[in-house]
There are 2 protein chains.
Amino acid sequence: MDSSSTRRQVTRQKLYEAAVTLIAEQGFSSTTVDEIAERAGVAKGTVYYNFKSKTELFEELLRHGVGLLTASLRAAADETEERGGTKVEALDAMIRAGLGFIDRYPAFTQLYVAELWRTNRAWQSTLLVVRQEAVAVVETVLREGVDNGELSKEIDIPLTAAALVGMVLVAALDWQAFQRERTIDDVHSALSLLLHGRVSGRR
Amino acid sequence: MDSSSTRRQVTRQKLYEAAVTLIAEQGFSSTTVDEIAERAGVAKGTVYYNFKSKTELFEELLRHGVGLLTASLRAAADETEERGGTKVEALDAMIRAGLGFIDRYPAFTQLYVAELWRTNRAWQSTLLVVRQEAVAVVETVLREGVDNGELSKEIDIPLTAAALVGMVLVAALDWQAFQRERTIDDVHSALSLLLHGRVSGRR
DNA sequence: ACTTTTGGACTGACTGGTCAGTTCAAAAGT
DNA sequence: ACTTTTGAACTGACCAGTCAGTCCAAAAGT
């Protein structure tokens, strides 16, 4: 993460890690600052020395995590681009990147989904910005695909982007929570089949 | 349940309605029983006369809501069956039914998604049962479709069911939260296009 | 070399408020 | 007669945020 490994950075990182799992399991409100501090192996005061409030800690956590996700999606898209792949291939690569992210940071994903559609919460505006960054990456690829004729002009870009993201998110969380025995490749090919429209039996 | 007393049922219904919107907005832990009672226009004592605890109220809410959803999905599937429609048509009808449900009970959907993948919570077992009921309806249709050759034998039924449910859920929540101007038909056709594999530009 | 000062990082007991759940006598509803 | 609801007061656990003080390594002073 942050290259300048000052003492402070190390502490913040420990706090992120402690907070993300606790909040994913219990939700924001029923996770106490004492718990976070204890899990991070740090005194409660340290939390407040490093963050203005419990909410601010959480918001920075969100920014941090979504930053990692969008970076990973963009990398997948760019890499396909460089290889001269099609846009559908880019989408496929992004699905895989998304699954990889969720596999590596399941707690973060859980927490993100749980908070995303809540209204009236302190961090709504942060979430909105951060969501748009992630969805925009998918929308861009869809738009390019429509422009070069590879994708149907009929598609509704924002809605399709949302549906694709949702498909990946929910399938992956379900996999993590209820179907642990599957491999990431199982999940990827199930989603790939849907993306390529090969669910109905023709061919 | 106790079909005897109508008065009690009315009170419980008012409490469900109050609780569902408040919890969807704020989450379970930061919603107080006093708030729920006030919004329902009922005394606090009444809450505890009708439910053992705040948690129990919430669990019954979950059961109640998912009951409505599965009933609506099953109705859509059965109706298509009776009309002699194909399985893909049944899936399409279920997507529409799902969207209709989310449109009618957005708060419930929000709350369900927020809680579904949490681990270590009091009501986890309730959620697990209730989730399985809903997903099973989709899995059944997929299985029948594979059996009669209408759907590809390649598909992984549990994963595809999860992905389809996720697609609908997330697209609909996004629609409700961020793209209110769209109609339910916009959303339905975007999802339908995906289901039929007509995203790639061929015809 | 040696003492002293500085300041960033951390500590943990404490405070003030909040909230689930209880109690109960009286009223309302059926 | 009986079930259900009311309303308001009360308890005790719990928790976000505070703050006076500790720790320590490196800089400054002698």
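The shown structure was predicted, so the numbers you read here are calculated from the model rather than taken from an experiment. Chain A is the first sequence line, chain B the second, and so forth, proteins listed ahead of strands; every chain is numbered from 1. In what follows, every heavy atom counts, from backbone to side chain, and hydrogens, waters and symmetry copies are set aside.
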*Geometric cation-pi criterion A:R12 and A:F51, 6.0 Å radius, 45° cone*: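 Checked: cation-pi criterion met.
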Nearest-Å distance, [atom1] ([X]) to [atom2] ([N])?
| X | N | atom1 | atom2 | result |
| --- | --- | --- | --- | --- |
| B:D34 | D:dT6 | CG | C1' | 14 Å |
| B:K14 | D:dT6 | NZ | C1' | 12 Å |
| A:K52 | D:dT18 | NZ | P | 11 Å |
| B:R12 | D:dT3 | CZ | P | 16 Å |
| B:E38 | D:dA8 | CD | C1' | 15 Å |
| A:K54 | D:dC14 | NZ | P | 15 Å |
| A:I36 | D:dA16 | CD1 | P | 8 Å |
| B:E35 | C:dC19 | CD | P | 7 Å |

_Could you identify the nucleotide paired to C:dT30, looking across every strand shown and requiring Watson-Crick or G-U wobble geometry with both distances under 3.5 Å?_
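Pairing partner, where one exists within any strand: D:dA1.
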*When the nearest nucleotide of DNA chain D is assigned to B:N50 and to A:G45 on a heavy-atom basis, which residue is associated with the more 5' position?*
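Its nearest nucleotide lies further toward 5', so the answer is B:N50.
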_A:E89, CD atom: more than 12 neighbouring heavy atoms under 6.0 Å_ =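 Counting other residues, nucleotides and ligands, CD of A:E89 exceeds 12 neighbours.
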When you check the phosphate oxygens OP1 and OP2 of [N], does a side-chain N or O of [X] lie under 4.0 Å from one of them?
| X | N | answer |
| --- | --- | --- |
| B:T46 | D:dT6 | yes |
| A:Y49 | C:dC10 | no |
| B:S53 | C:dA20 | no |

*Mapping B:Y48 and A:V42 to their closest nucleotides on DNA chain C, which lands nearer the 5' end?*
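Nearer the 5' end of the strand: A:V42.
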*Return the orientation label for the A:F58 and A:W123 ring planes: parallel under 30°, perpendicular over 60°, tilted otherwise.*
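It falls in the perpendicular class, over 60°.
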*asked:* Pairing donors with acceptors under 3.5 angstrom, does anything connect the side chains of A:Q9 and A:Q13?
replied: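 The criterion, which ignores hydrogens and geometry beyond distance, is not satisfied for A:Q13 and A:Q9.
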*Do we see a donor-acceptor contact under 3.5 Å between the side chains of B:D186 and B:Q179?*
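B:Q179 and B:D186 do not have a side-chain donor-acceptor pair below 3.5 Å.
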For [X], answer base if it contacts any base atom (sugar-phosphate contacts may also be present), sugar-phosphate if it contacts only those atoms, and nothing otherwise; contact means non-hydrogen atoms under 4.0 Å.
| X | value |
| --- | --- |
| A:K44 | base |
| B:T31 | sugar-phosphate |
| A:T32 | sugar-phosphate |

*From D:dA16, D:dG7, C:dT11, pick the nucleotide closest to the side chain of A:A43?*
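Of the options given, the side chain of A:A43 lies nearest C:dT11.
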